[in-house]
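The structure appears below as structure tokens.
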Amino acid sequence: MPKLSRRAFASALPLGLLGGSLLGGGMIEGSSALAATLDTGKAPVSVTPLAQIRIGRFTVTALTDGYADMPYNYFPGRTAAEVEQAAVAQFTARASGVRFLFNQYLVEDGERRILIDAGAAGSIGQTGRLPQALAALGLQPGQIDAVIVTHMHQDHMGGLVLGGKNNYPNAELYIDRRDVAHWTDPAKRSGAPDYLQTSFEMADEVVRLYPRLQTIDGEREIVPGVSIVDLTGHTPGHIGVRVEDGGQSLIMVSDMIFPVVHPGATDVFFLFEQDPAAAKSMRDRFFPRAASEGALIAATHMPFPGLGRVVADRGQMRWQVADWGLQN
């Protein structure tokens, strides 16, 4: 496990908030920066949010690349007014739509560092902060051993390429074969709507710049305790990642769950989904099973750090935020 030299204050905590907003700022920059801000009356310092949990021998760190607000009419299956009403009821409504976080997860076992997804890297909304989050851990992209891309939408692979170059030069890259085939198919691209063209363009770059790309066929183990889960539907090769050790487990489900609309309804979709029927079928199977098992879940677009559970509440499925801070 690397020395987390820039988290001196946080190192005194068993696990938990590493520079997050519960203390108003300053864990990474230091208390003197916060004091100076308060004294001068300037805007608060920008703090990179990080959160950690233990899964057996693994340390899983939640990172974020930023956020974007998705218009209320981006959710087929409900009218824009219905989605906005649901957001108001959950106290999450914004004038510009439903706020999507872009969460990534770093999995470490003392020998390997595996990054799950690479963020939008400025291609959508207020994004491009993943490099700062890694730097707050004392890490550079060259120190990442593997990157698992859950699917080839731009907000999950944008950070793989920077300035036309491979941004994780020492990493093995894992992507489902079905997604690679879909997003590099010229016929699929020519028939796709404009809002998907960036993803097709990025997919070509990723395949060209990552000679160590390993295309995955179905569920498989990447390293002992880290395995691929097939969650096909959102895209042809949409996958999740299970981290499991010592009787504990975490499932990173990527775009299986969207804020406001899920898990309460499986017949609500997102504009970018290629196969709504398959996405609904997967959610119909996954949500009840996750609820019955009490599975700990990490989700890309849920409020940071994206950790929670699907629970059954009087016949309805709802999202229960997980108690992740100050773990024993």
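Everything quoted here is computed from the prediction, not taken from an experiment. FYI, the numbering just counts along the sequence from 1.
- The structure places CG of Leu101 at 11.5 Å from CG of Asp155, a figure rounded to the nearest 0.5 Å.
- Ring geometry, His153 versus Trp183: the interplanar angle exceeds 60°, so the pair is classed perpendicular (tilted spans 30 to 60°).
- A donor-acceptor distance shorter than 3.5 angstrom exists from the side chain of Glu219 to the backbone of Asp230, with no hydrogens or angles considered.
- Tyr168 contributes no side-chain N or O that, together with a main-chain N or O of Ala118, makes up a donor-acceptor pair within less than 3.5 Å.
- Minimum interatomic distance between Arg113 and Asp145 (heavy atoms only, all atoms of both residues): N-OD2, 2.8 Å.
- Counting only distance, with no hydrogens or angles, the side chain of Asn103 and the backbone of Ala299 share a donor-acceptor pair below 3.5 Å.
- Side-chain contact check for His301 and Asp255: at least one donor-acceptor pair (N or O, by modelled atom type) lies under 3.5 Å.
- Judged by distance alone, with hydrogens and angles left aside, the side-chain atoms of Gln143 form a donor-acceptor pair with the main-chain N or O of Gln140 at under 3.5 Å.
- Residues Asp65 and Pro131 share a closest heavy-atom pair of OD1-CD, 4.4 Å.
- Taking each heavy atom of Phe269 and Arg283 in turn, the nearest pair found is CD2-NH1, 4.2 Å.
- For the pair Arg57 and Pro224, the tightest heavy-atom approach, listed with the atom from each and the gap, is NH2-O, 2.5 Å.
- In this structure, Gln104 contributes its side chain and Asp117 its backbone to no donor-acceptor pair below 3.5 Å.
- With no hydrogens or angles considered, no side-chain donor-acceptor pair links Arg220 and Ser227 at under 3.5 Å.
- With Arg129 contributing its side chain and Gly66 its backbone, the two residues share no donor-acceptor pair below 3.5 Å.
- Listed for the Glu221 side chain is a donor-acceptor partner under 3.5 Å among the backbone atoms of Gly225.
- In summary, of the residues considered (Ile228, Thr150, Ile222, Ile114), a side-chain contact (heavy atoms from CB on, under 4.5 Å) with Tyr174 occurs for Ile222 alone.
- For the pairing with Leu115, the side-chain contact (heavy atoms from CB on, under 4.5 Å) check across Val149, Ile148, Thr61, Leu130 returns one residue only, Leu130.
- The two atoms that bring Gln154 and Ser123 nearest to each other are NE2-OG, 3.1 Å, heavy atoms only.
- Atom CD of Gln248 is separated from atom CD1 of Ile55 by 5.5 Å, given to the nearest 0.5 angstrom.
- A donor-acceptor pair under 3.5 Å is absent between the side-chain atoms of Asn166 and the main chain of Tyr210, judged by distance alone.
- A salt bridge links Asp217 with Arg177: the closest approach of a Lys/Arg side-chain nitrogen to an acidic carboxylate oxygen falls below 4.0 angstrom.
- In this structure, Gln197 contributes its side chain and Ala192 its backbone to a donor-acceptor pair below 3.5 Å.
- Side-chain contact annotation: Gln214 with Arg212, donor-acceptor N/O pair under 3.5 Å absent.
- Note on Glu293 versus Arg242: no salt bridge recorded, every NZ/NE/NH1/NH2 to OD/OE distance being 4.0 Å or above.
- Just one residue in the list Leu173, Thr215, Val180 forms a side-chain contact (heavy atoms from CB on, under 4.5 Å) with Val207, and that residue is Val180.
- Taking a 6.0 Å sphere around CD of Glu205, one finds it holds more than 12 heavy atoms contributed by other residues, nucleotides or ligands.
- None of Phe258, Tyr74, Phe272 except one satisfies the ring-ring contact (aromatic ring centres under 6.0 Å, His included) rule with Phe100; the exception is Phe258.
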Worked check of side chain to side chain donor-acceptor pair (under 3.5 Å) between Gln320 and Arg318: CA-CA 6 Å; Gln320 177 67 52; Arg318 64 175 175 83; 2.7 Å; yes
Thr92 vs Val98, test: side chain to side chain contact (heavy atoms under 4.5 Å, CB included). Steps then yes/no. CA-CA 7 Å; Thr92 60; Val98 176; 5.9 Å; no
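- In this structure, the separation between CD1 on Ile216 and CZ on Arg178 is 10.0 Å, given to the nearest 0.5 Å.
- Asp179 contributes a side-chain N or O that, together with a main-chain N or O of Met152, makes up a donor-acceptor pair within less than 3.5 Å.
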